[in-house]
Amino acid sequence: MAATSLPITLHHRLSPPPPPPPTTYIPPNKDRYFSNHPTLQLITQSSNPNQLKQIHAQMLRTGLFHDPFSASILVSAFALAPLQDLDYAHQLFDQIPQPNIYTWNALIRAYSSSQAPIQSLLIFTRMISRFDEVLLPNKFTFPFVIKAAAKLLDMKVGKVLHGMAVKMSFASDVFILNSLIHLYASCGCLDSAYRVFLNVPVRDVVSWNSMITGFAQGDRADDALNLFLEMQGEGLRPDEVTMLSVLTAKKLDLKVGKWVHSNIVRNGITGSLNLNNALVDMYVKCGSLKDAEKLFDKMPEKDIVSWTTMLVGYAKSGNYITARRHFESMPRQDIAAWNALISAYEQTGNPKEALAVFNELQMSNKAKPDSVTLVSVLSACAQVGAMDMGGWVHVYIKKHKIKLTCHLVTSLIDMYSKCGDLNKALEVFDSSGDNKDVFVWSAMISGLAMHGHGRDAIECFTKMQEAKIKPNGVTFTNLLCACSHTGLLQEGRDLFKKMEPVYGITPGVKHYACMVDMLGRAGHLEEAISLIKTMPMPPLASVYGALLGACKLHGNVAVAEQASARLLELEPWNHGAYVLLSNVYAKSGKWDKVANLRKRMKDVGLKKEPGCSSVEVNGIVHEFIVGDNTHSQSKLIYEKLIEVFEKLKSIGYEPNRSQVLQCVEEEDVQDHALHLHSEKLAIAFGLISLTKSQPIRVMKNLRVCGDCHNVAKLISKAYDREILLRDRYRFHHFHAGECSCKDYW
DNA sequence: ATAGGGTTAG
């Protein structure tokens, strides 16, 4: 025994002599007899596994361990102490010849709240299926095993346990019933949970809380609130857990949130750190920074969560300066704080800032990136098209052995797809094992779709079903998108028809927009229009945008005028509508209408979103806007462009005039406008700074114009280059004078 | 001698 340990020997010397082993002497009331034993008291005071192990040794020496009661105390100490050692507890348990129900319960309980709740059920099964001695579970056993089933989301086991409990006439035990409410609610069976709830003879506050939590987290915020009111109507006082449950309900608007807050004050449950944090979070999510700040400022106690919640509030609402100041004044900046900044930038369309903060984190070395950080960074890379950086993150994940969660796999697939390397995306997908969730599959389908591999996308969907993964609404958006890009009209129609009856997914506006796009693109404008008429919900701008895009493709002026009118009713600021309509006019030679439209745009003070293209060279993303001359190699770029056009003209290139107005930002330089489109600048820069073996990967924020599309095709042939161009809509892969979209875009 | 509900940030 180590000298530094607790003076157990000393303590023991002061205690009465050990009782004889129970084999020779069994006291009439053994539990009472041993319960005051000093060694047992020492167990309850001990919080250190090493101390407990010494006590174990001691008990073996003195024979105390042979007493079932004493052994049980020791097992539960190992099983339940804050510094628990479940393996040790289990081993101890196996050495007890006749464990009693208390001992069984202790182990079952410990495992039910552990990382391996399945053990809890296994031990339970062992207990009830022994041949030598029948030991029945008691009313304490059930809450433990039901909790284990709830953690495992195992309804089947849960139902069996429910049946057993009823058979053993525990059907009115409020503890067991409350556990069952929790079980059914966590398995998503809110109706079953509610049925149990209604059958509780005397509901206590935990019954109400369990049911309210079930509704709140099961997307039934209204039911949760109603139950909360009903509870108070029945004279039960809500406690802190009640309020936390109510606050976790999604879709709380500010009015209801404030009402909940006032309720907390009225019931005198204020002041707890947890509750205050939840309230700050609620105010942030409801978009009321003012209320969040007010509460944050007067909170008597704040922890890192309070600070981070507030930081998220500032960052997500675009108050970057305040966010930064708040960040600097935080007591410590852990990785969650960095994540709050990075993800806020990434999610509000500022991917470059997100990457800058990530770089700062790397340089400062103040916190270690975790999977949340990397997911945000990968998403920022995807937005910018920064594949070198994205690949670096991929290597980082491998090098630091960061667990490849489905979330990370999804982000990697998305990043490689959006940066133009579909093969890498497929590689990640194929090597990601059998635990692909619906997001991983959907990301892969989306990647195949944006690169124009419609058939492969549908095949991927077939495999997804073979893998028994249930598709969601996003899966179908991606699938329909794939059909649309590839012109798989019949396949798209079939999928759309099957959504509701076969897959139980109600088509949303996005799905209708995809269908309108698909039909319109294929020239079925009438069918697209009648589909819009049958939509059960009001069409959003995207639907008319799709129709307008189809009109541009097929030069239908009449429908285009209607579609753009409707589109501008919904979004008067939508410059895309003006651009597309002017393209339609230009295509049919109505130049007066084009001029008119331009004047109208000027009158409403609408400035077109500037076209912007970027190209990555050796890990640095170079951005170009139309007519850009700010680049350090601007002179070389323009010289290259002149050379390119000479060469292309010699092989028969003629500028496509109808595209002049695709980008209205070149108003002042109309004549040269086509030559100065940002994607052409980016391609020219790629030509002079990348080797022939490197594909030129250009990312554009808007749709590519017809002339640039044509030019890219010609360059790919004349210069024997691979050019990848991502526009707002899809990828174009230019090679040997052809484009992967087969001019269907 | 043992039980049930909430852990809020990314």
Side-chain angles (χ1 to χ4, degrees), chain A residues 31-32 34-35 40 43-44 68-70 72-73 75-77 79-80 100-110 112-113 137-147 150 170 173-183 185-186 193 196-197 200 203-214 216-217 238-249 269 272-285 302-313 315-316 330 334-344 346-347 367 369-377 407:
Chain A
D31 286 2
R32 287 290 149 269
F34 286 111
S35 61
L40 300 188
I43 291 175
T44 57
F69 175 81
S70 308
S72 296
I73 296 284
V75 169
S76 41
L80 306 173
N100 61 23
I101 185 67
Y102 170 80
T103 322
W104 283 98
N105 283 349
L107 202 62
I108 292 172
R109 173 193 179 190
S112 74
S113 46
N138 64 8
K139 61 172 179 172
F140 296 105
T141 320
F142 281 102
F144 303 142
V145 275
I146 294 170
K147 184 180 184 179
F170 291 132
D173 184 297
V174 70
F175 281 81
I176 295 175
L177 291 172
N178 289 348
S179 310
L180 286 168
I181 297 172
H182 174 69
L183 163 84
S186 359
V196 177
F197 174 78
V200 182
R203 292 186 273 268
D204 64 6
V205 70
V206 177
S207 319
W208 290 92
N209 288 353
S210 305
M211 201 58 238
I212 291 173
T213 306
Q217 297 185 350
D239 64 5
E240 193 188 328
V241 177
T242 320
M243 304 318 295
L244 279 168
S245 300
V246 173
L247 284 173
T248 55
I269 340 175
S272 120
L273 176 63
N274 281 348
L275 208 42
N276 280 338
N277 282 349
L279 280 168
V280 173
D281 181 55
M282 179 275 294
Y283 281 127
V284 163
K285 292 214 169 105
K302 292 171 195 152
D303 65 359
I304 191 78
V305 176
S306 335
W307 282 88
T308 314
T309 312
M310 207 55 229
L311 174 62
V312 170
K316 286 249 164 87
M330 283 176 76
D334 65 355
I335 190 61
W338 289 91
N339 289 347
L341 279 184
I342 294 170
S343 75
E346 174 262 307
Q347 285 169 21
D370 61 9
S371 64
V372 178
T373 326
L374 300 176
V375 165
S376 293
V377 171
H407 204 152

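By convention in this document, chain letters (A, B, ...) are assigned in the order of the sequence lines, proteins followed by strands, and residues within each chain are numbered from 1. Please read these numbers as outputs of a predicted model, since none were measured by experiment.
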Problem - Closest listed nucleotide, where the reference is the side chain of A:N105 and the choices are B:dA9, B:dG6, B:dT2 - result: B:dT2
Completion exercise
Winner on side-chain proximity to A:K316, out of B:dA3, B:dG10, B:dG6, is B:dG10
Handout entry: Selected nucleotide, minimal atom distance to A:Y102 side chain, candidates B:dT2, B:dA9, B:dG10
Key = B:dT2
Handout entry: Listed nucleotide nearest any side-chain atom of A:N277, set B:dT8, B:dA1, B:dG10
Key = B:dT8
Problem - Integer-rounded Å distance: B:dG6 P and A:M243 CE - result: 16 Å
Handout entry: A:V241 side-chain proximity, nearest of B:dG10, B:dA3, B:dG6
Key = B:dG6
Handout entry: Flag side-chain contact, heavy atom, 4.5 Å: A:T248 against A:T213
Key = no
Practice task
Looking only at side-chain atoms of A:N339, point me to the closest of B:dT2, B:dA9, B:dG10.
Solution key: B:dG10
Exercise for the section: Using the criterion of both pairing distances under 3.5 Å for Watson-Crick and G-U wobble pairs, give all stems of 3 or more consecutive pairs involving DNA chain B. Expected result: none
Handout entry: Interatomic distance, A:L247 CG vs B:dG6 C1' [rounded to whole Å]
Key = 11 Å
Practice task
Give one of base, sugar-phosphate or nothing for A:A336, where a contact means two heavy atoms less than 4.0 Å apart.
Solution key: base
Practice task
Rounded to the nearest angstrom, tell me the gap between atom CH2 in A:W307 and atom C1' in B:dT8.
Solution key: 18 Å
Exercise for the section: Check every strand shown and say whether A:V174 touches a base, only sugar-phosphate, or nothing at a heavy-atom separation below 4.0 Å. Expected result: base
Practice task
Go through B:dA3, B:dT8, B:dA1 for me and flag the one nearest to the A:K139 side chain.
Solution key: B:dA3
Practice task
Using a 4.0 Å heavy-atom cut-off across all strands, classify A:T248 as base, sugar-phosphate, or nothing.
Solution key: sugar-phosphate
Handout entry: A:L311 CG - B:dA9 P separation (whole Å)
Key = 13 Å
Fill in the blank from the handout: Here the distance between atom C1' of B:dA3 and atom CG of A:L180, to the nearest Å, is 13 Å
Exercise for the section: Begin with the C-alpha distance, continue with both residues' side-chain angles, and end with the deciding distance and a verdict on side chain to side chain contact (heavy atoms under 4.5 Å, CB included) for A:S306 and A:N276. Expected result: CA-CA 8 Å; A:S306 335; A:N276 280 338; over 6 Å; no
Exercise for the section: Respond yes when some side-chain nitrogen or oxygen of A:Q217 is under 4.0 Å from OP1 or OP2 of B:dT7, and no when none is. Expected result: yes
Problem - Presence of A:K285 side-chain N/O under 4.0 Å of B:dT8 phosphate oxygens OP1/OP2 - result: no
Handout entry: Option from A:I342, A:L374, A:N339, A:V377 for which side chain to side chain contact (heavy atoms under 4.5 Å, CB included) with A:P369 holds
Key = A:L374
Handout entry: Nucleotide nearest A:D173 (side chain, heavy atoms from C-beta), chosen from B:dA3, B:dT8, B:dA9
Key = B:dA3
Problem - Residue list, ring-ring contact (aromatic ring centres under 6.0 Å, His included) with A:F140, at least two apart or on another chain - result: none
Handout entry: Qualifying residue, where the test is side chain to side chain contact (heavy atoms under 4.5 Å, CB included) with A:L247 and the options are A:L275, A:T242, A:N277
Key = A:L275
Fill in the blank from the handout: Interatomic distance, CG@A:L177 vs CZ@A:R203, rounded to 0.5 Å, equals 10.5 Å
Exercise for the section: Using modelled atom types only, decide if a donor and an acceptor are shared between the side chain of A:D334 and the backbone of A:A337 within a distance under 3.5 Å. Expected result: yes
Exercise for the section: To the nearest Å, give me how far apart CG (A:L279) and C1' (B:dG6) are. Expected result: 13 Å
Handout entry: A:I212 side, atom CD1; A:I181 side, atom CD1 - distance, nearest 0.5 Å
Key = 11.0 Å
Fill in the blank from the handout: Rounded to whole Å, the NZ-C1' distance (A:K302 to B:dA9) equals 16 Å
Problem - Touch class at under 4.0 angstrom, heavy-atom based, for A:N274 against every strand present - result: base
Completion exercise
By side chain to side chain contact (heavy atoms under 4.5 Å, CB included), A:V241 pairs with (sequence neighbours left out) A:N209, A:D239, A:S245
Fill in the blank from the handout: Considering only heavy side-chain atoms of A:F175, the closest of B:dG6, B:dA1, B:dA3 is B:dA3
Handout entry: Polar side-chain contact A:D239-B:dG6 base: donor and acceptor under 3.5 Å
Key = no
Exercise for the section: Would you mind telling me which of B:dG6, B:dT2, B:dA3 lies closest to the side-chain atoms of A:N138? Expected result: B:dT2
Problem - Atom pair distance, as rounded to whole Å: CG in A:D281 and P in B:dA9 - result: 4 Å
Practice task
Measure the distance between the ring centre of A:F140 and the centre of the six-membered base ring of B:dA3, then answer whether it is under 5.5 Å with planes under 30°.
Solution key: no
